[in-house]
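These notes concern the structure reproduced below.
Just so it is clear, the values below take in all heavy atoms, side chains as well, and ignore hydrogens, waters and symmetry mates. Order of the sequence lines sets the chain letters (A, B, ...), proteins ahead of strands, with each chain counted from 1.
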There are 2 protein chains.
Amino acid sequence: MTNTIEKGAAALPLNTIIGGDCIDVMNGLPANSVDLIFADPPYNLQLKGQLHRPDNSKVDAVDDHWDQFSSFVAYDQFTKEWLKAARRLLKPNGSIWVIGSYHNIFRVGSALQDAGYWILNDVVWRKSNPMPNFRGKRFTNAHETMIWASKNEGAKYTFNYEALKALNEGIQMRSDWVLPICTGHERLKDANGDKAHPTQKPESLLHRILIGATNPGDVVLDPFFGTGTTGAVAKMLGREFIGIERESAYREVAEKRIENVRKFDRDALQVTASKRAEPRVPFGQLVERGMLRPGEELYSMNQRHKAKVRADGTLVGDNVKGSIHQVGAHLENAPSCNGWTYWCFKREGKTIPIDVLRQQIRAELQN
Amino acid sequence: MTNTIEKGAAALPLNTIIGGDCIDVMNGLPANSVDLIFADPPYNLQLKGQLHRPDNSKVDAVDDHWDQFSSFVAYDQFTKEWLKAARRLLKPNGSIWVIGSYHNIFRVGSALQDAGYWILNDVVWRKSNPMPNFRGKRFTNAHETMIWASKNEGAKYTFNYEALKALNEGIQMRSDWVLPICTGHERLKDANGDKAHPTQKPESLLHRILIGATNPGDVVLDPFFGTGTTGAVAKMLGREFIGIERESAYREVAEKRIENVRKFDRDALQVTASKRAEPRVPFGQLVERGMLRPGEELYSMNQRHKAKVRADGTLVGDNVKGSIHQVGAHLENAPSCNGWTYWCFKREGKTIPIDVLRQQIRAELQN
DNA sequence: GTGACAGGTGAATCACAAC
DNA sequence: GGTTGTGATTCACCTGTCA
């Protein structure tokens, strides 16, 4: 059960969403009382104009008032203050996770270090289904960065190595996590059917963090609670939570959501398990990695055609340019062609299918 | 061919490794002269006591916390200075890449923003074969972070979108790159058979950066040259390089290494171009050339609208007059419209996009 | 029930040449 | 330097509808 209470209570208000400014609220809570803090602060995106998809539909940008800061100085001041208040609440062996993007994460990371926190890892959330870059002007922004830090250097923080290894099919958990963004039924909607919060985080992310960095019964604080993903996952996993959220609309959605959560929901565990598909290897990687040289010639399996490799991983043949598949299809006058099995290269007089190189890369990726 | 010259030369010393402190050397080079900077600065923060302040005084270790604080101050000062010197050298439309780990990248990112650089992406190098965390106390540190930034907000930086898309087999390149660490024959060894440099970067990483963010003939500066991966890949790809390196042992290894590199064939360096590079064809030319008749009707791709061609190359639809783009945008009630891909004409019962006619004209212009 | 297909959407610092 | 007009640009999902 969750309750919204007024800020400033001296006791530890477990499993409660507190309204108000997170710095004020935190300053009213008892010191050294919290095992883990998960924080998803405003990113300070600094968006200017409107953005449209190639089909002319409008991108629903994060332009909420709470993400607006007048300058880096103002943002830094805000960051410094909430990090200081948060650090006071942490038990000596507690730890903090903060998530952000390139807009703010460097400010946050520096402020963490300056405040005396000790960074343990930066963890990259690689999104399996990110929004593309619609104008082709930059790389797809396909990840966010999380920083995991202890209260002090040398602290005996909680790290459930074996549990994480088990989650990762017996292999040591790495600092990059591939997880989908929050969509579908998990994404909370308001009365109009619009998304209730612009930046709701997936439960799988919190699941992994709480399994890895807390024990059952631990107290988890989220000072930017939003619609309560941290609280929902904490309840499922038998951890206690404290949420702080300024916007009453978010608090109401979160209350209802957490009310409906059952502890130890088996489904949530399965969401986290990673699917292992055969990794896609772009042909360009053979060139980047020096396995094939730009300018080198490839020969078709039937020896009737040849083409030259270019530095961007495309081929040039007689009046054709394009991918290994496109050039193969054109030369064979076929509707399609599997370039991987069509093309060969020569080494020491031997003709070798390029697919051999792809298999080499895949073998590396298995480890 | 590469030469080591003394620092401070006023002219641009292309394809040269310069000995000396990178800040001093950069301050002696001409402003606005470099297209790209790749920097792999010292990570440093672990090496307490070995860090020197800019005035060369040594940082004292008083206690852990003080030492940590003073280390950050000194590191920030160093970072600020080399980033400032580097920014002076960048052409207005040049860009910079900096690589680091969680020990230093947050300091670097903040300093970049404070110096006026504009971050374009943070890119994660996800190592396919990282060193495991032997003690099981943290996540396997399986990635490093790169920051890509332009000299100013709004600068027209180079981004070869199509070439990168080709490298990735037709899918937009993401901000997370999976590449192996530098091992095997690529890893340079010294006379004793030990690795010549502790943090040699893989050539594949530089290949992707240089293909994506420079054009052939561009000048690439690396102020922390080490054993010269940047120079080697720049030479292969027909870019000019300038390296700065303080340690003579590294310079010697780099000299030898780059000497042995062969540049790729000119045509192999050609890369898939963007459509913007193609010559502009006014729609009116299709009418002038008789490919379309005045009075002829065009149909929208979705068959929902039609419009009539006028002799001056404008269209008339229901209550609209204007260019193919303007009329399309109006009829679709869209903020903009690419008329070339929106409109079709009819010939012998077939519906054909007008872009086919533009391609015919462009093909003629090639000859 | 099932499959095909159309439609929608996600923390985004997202154009540029000609006049 | 400001204004105007051309025309370039998307990936991996999810949902709901209809055959």
All N/O contacts under 3.5 Å from nucleotides 16-19 of chain D to the protein, with atom names and distances to one decimal?
none

task: Give the ring-plane orientation class for Phe241(A) versus Phe225(A), where under 30° counts as parallel, over 60° as perpendicular and anything between as tilted.
output: parallel
Here the gap from Leu112(B) atom CG to Asp122(B) atom CG, rounded to the nearest 0.5 Å, amounts to 11.5 Å
Rounding to the closest angstrom, what is the interatomic distance between dA19(D) and dG1(C) at atom C1'?
13 Å
**Spacing of the C1' atoms in dA17(C) and dT13(C) (rounded, Å)** = 24 Å
Whole-angstrom distance between dC16(C) and dT10(D), as gauged at atom P: 15 Å
Does Arg126(A) make a side-chain N or O approach to OP1 or OP2 of dA12(D) shorter than 4.0 Å?
no
hbond_proxy Arg53(A) side chain to dT9(D) base (donor-acceptor, 3.5 Å cutoff): no
Task: Presence of donor-acceptor pair under 3.5 Å, side chain of Lys201(A) and base of dA11(C) - done: yes
request  = Go through the N and O atoms of the side chain of Ser274(B) and the base of dA8(D), and report whether any donor-acceptor pair is under 3.5 Å.
outcome  = no
Answer with base, sugar-phosphate or nothing: what part of the nucleic acid does Arg280(B) contact at a heavy-atom distance below 4.0 Å? sugar-phosphate
Whether the side chain of Asn104(A) and the base of dA11(C) hold a donor-acceptor pair under 3.5 Å is what I'd like checked. no
Checklist line | dA12(C) versus dT9(D) - spacing of their C1' atoms, nearest Å | finding: 14 Å
Would you kindly say whether His305(B) and Asp318(B) are connected by a side-chain donor-acceptor distance under 3.5 Å? no
Under the rule of Watson-Crick or G-U wobble with both distances under 3.5 Å, where | means paired to another strand and [ ] a crossing pair, DNA chain D maps to .|||||....|||||||||
message = Just to be sure I understand the rule, does Ile171(B) reach a base, reach only the sugar-phosphate, or reach nothing, if contact means heavy atoms closer than 4.0 Å?
response = sugar-phosphate
Query raised in the report: NA contact type, Ser323(B), heavy-atom cut-off 4.0 Å: base, sugar-phosphate, or nothing?
Result: sugar-phosphate
Stacking check: are the rings of Trp118(B) and dT13(C) less than 5.5 Å apart at their centres and under 30 degrees in tilt?
yes
Pick base, sugar-phosphate or nothing for Pro202(A), based on heavy-atom distances below 4.0 Å to the nucleic acid.
-> nothing
Here the distance between atom C1' of dG5(D) and atom CG of Asn338(B), to the nearest Å, is 13 Å
